[in-house]
Amino acid sequence: MQQTVLTLKGTVEDVLFYNESNGYVVADLETEEALVTVVGELGKLEPGEELELTGSFVSHPRFGQQFRAESCVRTLPSTAVNIERYLASGIIPGIGKALSRRIVAEFGEFTLQVIEHSPEKLLRIKGISPQKCEEIAAAAQEIFGLRSLMGQLQGYGISPSVSMQAYRRWGTAAWEIIRENPFRLCEPGIGLPFRQAERIAADLQIPANHPHRITAGFRWILETAALEGHTCLPQPDFTELCLRGLGITEEDFESALQHCLSEQLLFSYEADGRPYIYLEEYGRAEDFIATRIAAMLAFSPPEDFDCTAAIRREEEETGVQYAALQKKAIACAFSRGIMLLTGAPGTGKTTTLNAVIHLCEKAGSTVALAAPTGRAAKRMAELTGREAKTVHRLLGTDFERDGSVVFQHDEHNPLEADVVIIDEVSMVDTLLFEGLLRALRLSSRLVLVGDEDQLPSVGAGNLLHTLIASNRIPLVRLTEIFRQAQESCIIRSAHSIIRGEMPDLTEKHSDFFFFDRRNAQEAAAFLRSLYADRLPKAYGFTPQTDIQVISPTRKGILGTVSLNAMLQEAVNPPQYGKPVLKNLLYTFREGDKVMQIQNQYEMEWTRDGERGTGIFNGDMGTVQCIDRISKTMRVDFDGRIVTLSEDQLKQIELAYAVTVHKSQGSEFDAVLLVLPEGRDRLSYRSLLYTAVTRAKKLLILIGSPRKVQEMVRDGHRTVRCSCLGAMLKAMVTKPASGTEGAEDT
């Protein structure tokens, strides 16, 4: 039932809860009729403030009726009594109850005007020195300025969190800067969507062809392309998108483009006689990557290490006999500044990697291991027996004053490691790889390990494929499936899929089962039975920790949204008195399996007394507890404990079922892979291959043979615009030699 929108006026009596990160507040409001509890993203409130709120009454299961405010017009208190309460709350440092009483006794209802516009008059008050007067005036300017900005922007439906970001960046000049160019709110670190900024621009009568709007529109077009994986766009495509999306003439477009290029706001590069347009940060990143790789290839490691003899001794000591390609990879890791190691499951990447690590350590080199996600780093640590970090944690995440992310380790503060090994490189995007290369000493060696047949990164770029296709970096592609791996039907099926061959769906092996279920409702019911009952009983698996349901899509009966609701009901149903929190899609309960779906570099976590920041896209965790009073949720992400506010719940999803893209970089004891019927854009080979290779001990595939065949036959690769390969070829004219499996594509 639709709630009635109401207007509520009153004075803030008390503030019960405030979240500084997003402006969410719970407060008691004194109205003419009654004392009302108000909740919403209103920014910081103080007792005595006068509010006019628009919203609706809602019923909370524990706290009863509340007024959920959607918008707010706030004014400073106007009566002497409320002004005294306002100042006594501690809003201005240095003014307590006694001093607020004396100030209001002197100036009455004009007190706040005096503090804001004539603070020197405060010197009349006993206890206020010239220095204290200056401190009060400075604090008041900031408080009044932020409140004024919030009031201005809330009129356009813009949240207090955006106002706070803008005020942190520009201070008391924020509104004048926004009035001059509202599209500055779209800048990184504030991140207001372009279309929202257009509402302010329209109200300020800024014309559609104004350079400020067109420049911001260019960034919007290219940022949208980056979300689809492109680091750049061909100039003809970029032109068409801008003319259509911004509604401007070709003359206005050309004039603005030349300005942006000359001011280095955009970057242009010509590849194969065709111009491409970049955002400055992506153009800079690809140019640096190509330049740095060229330098790493030119730098020769010391030649006083006999790798052949070292490998022979390693074989004698460990009893492991390395295949020819594995020996080639080990030698390459010692003789080249940068190398690529790729191969499908079961071809010995981990064995090769462990040999490289062991021999490097025996040679006196320090080795650093990292992977793109927390789960991938944890798996890398388990397979190598050594510490492995996320790439972000290896580099050390930090922040500029404008909120943009920087790394503590860069050219000026490089990593100490002699050898850096990165696993799951297919998941590394362009900007992260740039940050990694900037953090390496020129004498350091870099070993990049990944599976080229898996899906590309969520972020812009198709790094591993591009580096391999350039044929400029030493590459070893492991192809032999070792005997132990051949015993796994999961691995044999994965190799069949990547060759474009149908896996054998008729065999009933201990680690791979196929069930023909073509009706979506029947498939969902069968899946629920397997997840909640049959597999736990047959194998002793715990659903939340050992079993992962994977689907190609979010939509439909067999999409992750619907499956999550069904599986949550099966293993963590509602109970009387058990607290919940909700976002637009999901209801969260204590014990739920969840996933972070956005990078949050500033999110604080604790682990056994250690403190840090950073929870990233794809990190999985378990809801430990929910506090209904503060509307917060504590989540355990593999030992890192974070507390999420109600506003941050939009960054979390249930994770009983996840998409193939979200599962990448992780392995699970048991995988239930469901393949909905119907031809769609997600029916292709690398998606199926990536999903199949998530299973360690057991894979159950639910669908139809026809659907599997469709995906196996569709060998298309994701096409992403990038000039990195062309840049590499321009800077490194000689193809890589002495490597296995490199092809100039």
Side-chain angles (χ1 to χ4, degrees), residues 8-21 23 25-32 35-36 38 42-53 72-155 160 163-178 401:
L8 196 67
K9 295 182 180 180
T11 303
V12 178
E13 177 70 21
D14 192 15
V15 177
L16 308 175
F17 173 77
Y18 173 63
N19 187 309
E20 188 174 1
S21 65
V25 66
V26 180
D28 284 337
L29 191 75
E30 183 69 51
T31 70
E32 290 183 359
L35 189 68
V36 179
V38 172
L42 306 176
K44 192 171 185 181
L45 301 177
E46 299 295 341
E49 281 193 90
E50 296 169 4
L51 308 180
E52 181 176 330
L53 305 171
C72 172
V73 176
R74 55 199 299 168
T75 58
L76 292 172
S78 57
T79 67
V81 172
N82 284 336
I83 291 171
E84 184 177 329
R85 290 175 59 210
Y86 180 70
L87 294 178
S89 70
I91 180 68
I92 298 178
I95 299 181
K97 291 183 179 180
L99 189 53
S100 65
R101 191 178 305 117
R102 293 199 296 272
I103 294 173
V104 174
E106 176 71 24
F107 301 111
E109 62 187 31
F110 300 105
T111 296
L112 297 179
Q113 290 94 314
V114 168
I115 293 175
E116 184 175 7
H117 302 294
S118 306
E120 68 279 358
K121 292 182 180 180
L122 294 174
L123 293 171
R124 301 179 196 172
I125 308 300
K126 182 181 177 181
I128 297 183
S129 64
Q131 180 180 348
K132 188 165 189 174
C133 181
E134 289 181 9
E135 292 170 353
I136 290 173
Q141 285 296 321
E142 183 164 337
I143 292 162
F144 297 150
L146 176 56
R147 275 160 173 66
S148 174
L149 182 63
M150 284 182 175
Q152 297 279 8
L153 294 181
Q154 278 184 339
S163 300
M164 287 188 284
Q165 292 289 350
Y167 197 83
R168 284 172 188 163
R169 181 173 299 187
W170 300 311
T172 55
W175 179 240
E176 287 306 313
I177 290 172
I178 293 167
R401 290 186 63 184

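Because the structure is predicted, anything quoted here is derived from the model rather than measured. Values below: all heavy atoms of this structure, side chains included; hydrogens, waters and symmetry mates excluded. Count residues from 1 along the sequence.
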Sorted by chain and number, sequence neighbours left out, side-chain hydrogen bond (donor to acceptor under 3.5 Å, both in side chains) with T79 holds for N82

If you define the side chain from C-beta out and look only at heavy atoms, does anything of V114 sit under 4.5 Å from I103? no

K121 backbone acceptor or donor facing S118 side chain under 3.5 Å: no

Got a second to check how far E134's CD is from L123's CG, nearest 0.5 Å? 9.0 Å

All heavy atoms of P119 vs all of C133, minimum pair found to be O-SG, 3.0 Å

T11 versus L29: any side-chain heavy-atom pair under 4.5 Å? no

Contacts of type side-chain hydrogen bond (donor to acceptor under 3.5 Å, both in side chains), residue D14, not counting sequence neighbours: none

Given side chains that start at C-beta, do those of V25 and V38 come closer than 4.5 Å, heavy atoms only? no

Test of understanding: with salt bridge (charged side-chain N to carboxylate O under 4.0 Å, His left out), list the residues that count as partners of R102, not counting sequence neighbours. none

Where do L149 and A174 come nearest, in terms of heavy atoms and distance? CD2-CB, 3.7 Å

Atom pair CD1/OG of I136 and S129 - distance to nearest 0.5 Å: 8.5 Å

Interatomic distance, L99 atom CG to L122 atom CG [nearest 0.5 angstrom]: 8.5 Å

Decide if atom CZ of F17 counts as having more than 12 heavy atoms of other residues, nucleotides or ligands within a radius under 6.0 Å. yes

Nearest heavy-atom contact between V104 and A80 is CG1-O, 3.6 Å

Hits for side-chain hydrogen bond (donor to acceptor under 3.5 Å, both in side chains) against R124, two or more places apart or cross-chain, chain-then-number order -> E106

Residues at least two apart in sequence or cross-chain that pass salt bridge (charged side-chain N to carboxylate O under 4.0 Å, His left out) with E13, listed by chain then number, are R85

With E176 via side-chain hydrogen bond (donor to acceptor under 3.5 Å, both in side chains) - residues at least two apart: none

Are side-chain heavy atoms of F107 and I83 found at a separation under 4.5 Å? no

